[in-house]
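Please read these numbers as outputs of a predicted model, since none were measured by experiment. What's counted below: heavy atoms across the whole structure, side chains too, no hydrogens, waters or symmetry copies.
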Amino acid sequence: MTVMTKGGNLPVPAAALQVAVTWRQGAQVPDVDVSALLLDATGRVRSDADLVFYNQPAHPSGAVRHLGKGQGADGTGADWLWLDLAAVELGMDRVVVAASTDAGTFGQVPFLDVRVALPDGQQVASFTIGDASTETAFVFGEFYRRNGGWKFRAVGQGYASGLAGLATDFGISVAEDPQPVPVAPPPAAPAHPAPVAASFPAPPADRLAAELALSFPPFTHRASGKERVTCPPNLPPGARVVVEIECRDSISVHIDSCDVYGRADQDLLSTYEDEVHARTFATVPEDRPLSLLVRADTPWTLRVLPLAHARRLVHSLNGRGPDLLVYEGSAGVLSFVHQGQSNFVVWHYFTSDDPEWQDDEEDLLVNEVGRLDVLAPVQAPGILRIEADGPWRIGVGG
């Protein structure tokens with residue numbers, strides 16, 4: 001790993017990277033929110049969609065995503081970004097890594113730095129901010145194109161005008177500093193979810209809202225072929241989490257959860273696409289770490305993320321292949337369009353209204369083959385697990 005100084009630069013792989021802004025938490029230490037801006041040759045964004053942060057966690061291209069916050073055992077906080085430099089669109093020359101503070105300045109934030117790593121955890125670079133004072137926003141560094149590749153520069157520039165002032169400098173129209181808003185919090189939840197406790201934080205009736213408010217460090221594992229992956233023990237017991245996999249040129253890709261003996265227990269995802277970027281969910285066991293069996297013929301990257309990183313179905317969403325959506329609306333009708341040739345299956349998981357039944361209800365909304373355009377009733381808020389082999393669209397209402 002290269003320890004960088006202000007103004008320094010170094011080449012980085014044009015591949016998937018994890019970027020973490022880290023700091024030491026404490027009673028008088030403000031929270032830190034990381035963001036990324038994708039800039040063109042003029043040094044400005046094309047639109048507000050080129051800002052990725054907690055309220056807009058994914059760039060439309062899929063090249064940059066906000067993964068959320070985590071906390072280490074030593075009180076170190078971290079806010080994570082994932083970026084795939086190879087997927088950054090032509091014409092976008094820089095990806096700026098920035099952050100803002102909540103109710104304080106960066107001069108109050110100790111041990112502040114940014115770290116760049118490969119998905120397998122191998123460290124690429126780190127840069128420590130040692131001269132912060134009254135700033136409420138900071139540009140930590142930037143990835144930029146150079147001679148057909150990518151480099152990372154340690155910037156260390158502060159702003160006293162918060163995220164709004166920083167964003168305005170890069171061409172984003174912001175009326176005032178955006179305030180952190182938790183995603184669908186349970187009653188009396190703090191603006192930033194507290195570190196995950198050892199027990200589930202809400203009764204079953206509030207399960208979806210409680211899970212959407214949970215935060216933990218993203219877990220990434222890269223391998224090839226068949227492998228059983230044991231996730232870290234800090235995942236919230238009993239909670240559902242997003243399981244994401246990327247793989248290319250494999251005959252098939254499968255993910256199963258494992259029982260206490262390490263045997264395949266439940267089929268979570270199966271797909272036969274040439275290029276796979278798919279999502280499903282798994283439930284963390286109450287008494288042991290989550291274990292997943294991945295089967296593929298070529299190299300793959302597995303990620304386990306908080307449920308809040310699943311896309312929200314509010315009006316309509318397009319996708320391809322297996323995916324996971326969160327529906328927070330009331331009972332109604334959903335529309336489904338599928339353009340693939342094989343099965344299109346949509347499961348709906350929602351809280352049972354039977355007080356004696358502790359598990360979620362499962363409703364098979366769609367189970368058809370080939371192209372289709374159908375409607376199906378949905379009974380309550382919940383999560384939708386999609387199995388598909390081609391492009392699809394799901395909308396709210398008929």
Within the 6.0 Å centroid threshold, strictly below: Y349 and F281: yes
Same apolar cluster (I L V M F W Y, side chains within < 4.5 Å links), L384/L307: no
Minimum-distance pair of heavy atoms, taken over all atoms of S270 and P322: O-CG, 4.5 Å
L364 CG: over 12 foreign heavy atoms closer than 6.0 Å: yes
Distance in Å, D79 CG paired with F53 CZ, rounded so as to fall on 0.5 Å steps: 12.0 Å
Basic-acidic side-chain contact under 4.0 Å: R295, E227: no
Atom of V369, atom of N343 and distance for their closest heavy-atom approach: CG2-OD1, 3.1 Å
Donor + acceptor pair across side chains of D113, T22 (<3.5 Å): yes
hydrophobic_cluster_shared for L305 and L325, side chain cutoff 4.5 Å: no
Donor + acceptor pair across side chains of D373, H338 (<3.5 Å): no
R222 side chain to T301 side chain, donor-acceptor N/O pair below 3.5 angstrom: yes
Heavy-atom neighbours of N147 CG exceed 12 at 6.0 Å: no
Check: W82 side chain, V19 main-chain N or O, donor-acceptor pair, under 3.5 Å: no
Common cluster, V139/L39, ILVMFWY with side-chain heavy-atom separation under 4.5 Å: yes
Single-linkage hydrophobic cluster F111~V32, side-chain heavy atoms < 4.5 angstrom: no
Among R385, R279, R311, the one residue meeting side-chain hydrogen bond (donor to acceptor under 3.5 Å, both in side chains) with D323: R311
Shared hydrophobic cluster, L313 / V326 (ILVMFWY, side-chain heavy atoms < 4.5 Å): no
Exceeds 12 heavy-atom contacts within 6.0 angstrom, atom NZ of K151: yes
Ionic contact status for D389 with R320, cut-off 4.0 Å: no
Donor on one side chain, acceptor on other, D267 and H254, under 3.5 Å: no
Given H309, E244, Q18, the one that forms side-chain hydrogen bond (donor to acceptor under 3.5 Å, both in side chains) with R303: E244
